[in-house]
Amino acid sequence: MTKLDDFLIQLFHEGNCLEAYRVFGAHIGEEDGVKGVRFTVYAPNAKSVQVIGDFNKWNGEEHVMEKYNDGGIYTLFIPKIRQYAVYKYRIETQSGDYVERADPYAFFSELRPGTASKVYRMDGYRWNDKRWMNKRTKNFDKVLNIYEANIGSWKLKKEFTEEEDGEFYSYEEMIDEIIPYVVEQGFSHIELMPLNEFPFDGSWGYQATGYFSATSRYGNPKQLMHFIAACHKNNIGVIMDFVPAHFVNDAHGLREFDGGFVYEYPDINLRYTEWGSSYFDLGRAEVRSFIMSAVHFWCNYYHIDGIRFDAISNLIYWGGNKERGVNDGAIELMKRMNNHMKGYFPSVMMIAEDSSDYPGVTRSPDYGGLGFDYKWDLGWMNDTLAYFKKDPVYRQYDDTHNKLTFSMMYFYGENYILPFSHDEVVHSKGTILDKMWGNNDQKFAQVKALYLYMMTHPGKKLNFMGNELAEYKEWDEKKALGWNILTYPQHDSFHRYFRDLNHVLLEHPALYERDYGPEGFEWLVVDDKKQSVFAYARYDALGEDVLVCVMNFVGNEHHGYQLPVPIAGTYKEIINSDTDYYTGKNIVNKRAIKSKKLSVNGKENSISIDIAPFSGMIFSLKTKTK
């Protein structure tokens, strides 16, 4: 029997292997001068394992796998098998029953409803993104403005109906569809909802079976590589959603893989999730190696620029419940994974979607943290949307007013991303536009002011596809975005406004260089509760780009509002949500305004401005007064 890589196997059993996919799975190659495929699987509770597939008419009696050492690993080289051969493992359990499972380390899979794995050679794609990879960073002092997208429903070739499936665009076809759009809109990164193989469309990829298998819904792995290379060619980074907490319970997957508990907890009280899936036993060494190897795999073979880890609170605490205590095994996995990945891929972003208040999520494990680079600020998201749902009459009161000021009380404790994600526009929650108080015109005015607040607040940004259209309908994975809504002037103008805001972000270092240092932000108006006016300054690293951001979140109009400014000089309005170009009332400040030595809120200088109802505006310091 050909020797496997014993060093990787040792690391695998120690829970420190990030390249287990080089041992396990189906690998095309040549042994003793014969071409074929070596199959290797971890099944520690099995009595025997066979390889079955279309090459042996699903009868594995002649392809019984050999046990490798005593570690529960089975392996077999089968000659003359080619790429795209379909296969599974037929496993004899300790009770004498037989179960058929897809390969946990498969690189490609059948299109649903098929459940088998496919042989696929991952090597051989010729990447042309060296320039991108060499300059890639974690973007702490650069723009990180993320467009979260579901490839299958961004656009559809054919709509789904109750009678038949729709038709998706392929990975390669999306190159000419979504990439030019993302560039034109001014986003820096695309975040793709999970691309690992999953059986049920309605899970959106968050209940996976194939952690190493790019979903066959949109094509094959090399077509996905081509899509990512095209993103990099257009200076767009690619972030992928990844689910380390749980896996789907479908019979062909990981659940009771070999008749025993290989991937999940043996304790039934710890095993099952609120989503009807099973938790990974992240205290087990081989499961840790499986998860870490999957993360490494996507960054290695697909040049992924960031991984967004789903449901981190369900890893930190048992069942996501703080009262049940900390899951030490999962904590150790996260620290270990983040430390290893910083060594292997120092420019790949590790992003936690975490709703808990656990301290140090983005702090180094050397200092007691979990080691992620970024954490979603779900507290900011919830507070902000709660504020805008409130009748403006009540926004002056502390319990509401402080929802917009509280974020800066804790903001520098973590490296936060501000998210308006898919989770906010599904399950009858309403779209972002729907969440605004008031009639249709008031909703549009407020959502524009909201987005100016979001884009100027410290922290990186994330928006789900369709937010930029001011959609009325919630997202549905079986329907494309409502592109036809742009024929209506309010939606078309909001779309342009959203694009222009993104480009303001791109063009002004004050809005991204000092996101995570208090030197980059200063409140100017924080307690004007009766008028619900807020203002703050943003500064770049060199002090050359100074912006003053102003928002009015009630329906009152202000003329001659005396606004404190941080530096004496001349200020020019660079964007205003109320301009008629964005179907506003055009209460704007057309001319540059020179500050006067008039003290307001402790600042020696101020400018007199006009403020429209439900509006936001940004002023740029053009010249300083000597």
Side-chain angles (χ1 to χ4, degrees), residues 384 387-388 392 395-396 401-405 407-408 418 436 442 444-459 461 497-498 500-501 504-505 507-508 510-511 520-540 545-582 584-596 598-622:
T384 299
Y387 180 93
F388 279 91
R395 292 178 184 175
Q396 63 184 301
H401 180 90
N402 293 344
K403 288 184 182 297
L404 283 201
T405 62
S407 60
M408 294 312 301
L418 311 182
M436 303 297 104
Q442 291 167 326
F444 267 97
Q446 288 176 94
V447 81
K448 286 185 285 186
L450 161 65
Y451 272 109
L452 189 137
Y453 166 63
M454 179 190 197
M455 290 301 171
T456 58
H457 190 290
K461 329 296 179 189
Y497 171 74
F498 198 104
D500 292 349
L501 265 181
V504 169
L505 177 60
E507 293 161 9
H508 285 275
L511 295 178
F521 175 89
E522 182 183 14
W523 279 114
L524 300 175
V525 179
V526 68
D527 288 323
D528 189 356
K529 298 178 182 179
K530 289 186 177 180
Q531 300 185 101
S532 294
V533 172
F534 299 81
Y536 43 79
R538 296 296 310 273
Y539 305 97
D540 72 339
D545 188 28
V546 178
L547 301 180
V548 173
C549 312
V550 186
M551 288 131 286
N552 174 20
F553 293 139
V554 296
N556 298 330
E557 186 177 318
H558 304 291
H559 291 278
Y561 187 95
Q562 210 63 36
L563 177 73
V565 292
I567 299 170
T570 300
Y571 289 81
K572 177 68 176 175
E573 188 177 83
I574 59 174
I575 191 168
N576 189 317
S577 67
D578 194 59
T579 180
D580 53 7
Y581 182 64
Y582 306 131
K585 298 178 180 178
N586 217 34
I587 301 173
V588 298
N589 300 275
K590 294 181 179 179
R591 296 181 180 179
I593 307 170
K594 189 174 181 179
S595 67
K596 294 182 179 180
L598 179 63
S599 178
V600 179
N601 291 355
K603 292 294 181 185
E604 294 182 356
N605 299 279
S606 59
I607 58 176
S608 178
I609 64 172
D610 295 334
I611 308 177
F614 297 124
S615 68
M617 64 208 73
I618 304 174
F619 293 90
S620 175
L621 174 62
K622 293 304 181 184

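As the structure is a computational prediction, the values presented were derived from the model and not from experiment.
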Practice problem: Quick one: list whatever passes side chain to side chain contact (heavy atoms under 4.5 Å, CB included) with Ala445, sequence neighbours left out. | Solution: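 Partners of Ala445 by the side chain to side chain contact (heavy atoms under 4.5 Å, CB included) criterion, ordered by chain and then number, come out as Phe614.
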Quiz item: Who pairs with Asp528 by side chain to side chain contact (heavy atoms under 4.5 Å, CB included), at least two apart in sequence or on another chain?
Solution: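 With neighbours one apart ignored, the set is Val525, Gln531, Val533, Tyr561.
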Could you give the distance from [atom1] ([X]) to [atom2] ([Y]), rounded to the nearest 0.5 Å?
X      : Y      : atom1 : atom2 : value
Glu604 : Ile567 : CD    : CD1   : 12.0 Å
Ile587 : Ile609 : CD1   : CD1   : 12.0 Å
Gln396 : Lys530 : CD    : NZ    : 7.5 Å
Leu505 : Lys461 : CG    : NZ    : 6.5 Å
Ser620 : Ile575 : OG    : CD1   : 12.5 Å
Phe444 : Tyr497 : CZ    : OH    : 13.0 Å

Quiz item: What's the verdict on side chain to side chain contact (heavy atoms under 4.5 Å, CB included) for Phe534 and Thr405, showing C-alpha distance, side-chain angles and the deciding distance?
Solution: CA-CA 9 Å; Phe534 299 81; Thr405 62; 3.8 Å; yes
Heavy-atom closest contact ([X] atom, [Y] atom, distance):
X      : Y      : result
Ala568 : Ser595 : CA-OG, 3.4 Å
Ser407 : Tyr453 : OG-OH, 4.1 Å
Leu418 : Met454 : O-CE, 3.2 Å

Flag, side chain of [X] to backbone of [Y], donor-acceptor distance under 3.5 Å:
X      : Y      : result
Asn576 : Met617 : no
Asn589 : Asp610 : yes
Lys448 : Tyr582 : yes
Asp545 : Asp540 : no
Lys603 : Leu524 : no
Arg538 : Thr456 : yes
Asn552 : Ser615 : no
Lys594 : Tyr571 : no
His401 : Val526 : yes
Ser577 : Gly616 : yes

Quiz item: Given the rule in the side chain to side chain contact (heavy atoms under 4.5 Å, CB included) test, do Ser608 and Gln562 qualify, once you have shown the distances and angles that lead to the verdict?
Solution: CA-CA 5 Å; Ser608 178; Gln562 210 63 36; 3.8 Å; yes
Quiz item: Hey, mind stepping through Leu404 and Phe553 against side chain to side chain contact (heavy atoms under 4.5 Å, CB included) and telling me if it holds?
Solution: CA-CA 11 Å; Leu404 283 201; Phe553 293 139; 3.2 Å; yes
Would you mind reporting whether [Y] and [X] have side-chain heavy atoms less than 4.5 Å apart?
X      : Y      : value
Arg395 : Lys403 : no
Tyr387 : Ser532 : yes
Val447 : Phe498 : no

Practice problem: Identify the residue among Val565, Leu547, Val548, Val546 that makes a side-chain contact (heavy atoms from CB on, under 4.5 Å) with Leu621. | Solution: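 Result: among Val565, Leu547, Val548, Val546, Val546 is the only option passing the side-chain contact (heavy atoms from CB on, under 4.5 Å) with Leu621.
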Quiz prompt | More than 12 heavy atoms of other groups within 6.0 Å of Glu522 CD | solution =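 Yes, the 6.0 Å shell around CD holds more than 12 heavy atoms from other groups.
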Self-check item: Verdict with reasoning, Met551 to Leu452, per side chain to side chain contact (heavy atoms under 4.5 Å, CB included)
Solution: CA-CA 8 Å; Met551 288 131 286; Leu452 189 137; 4.0 Å; yes
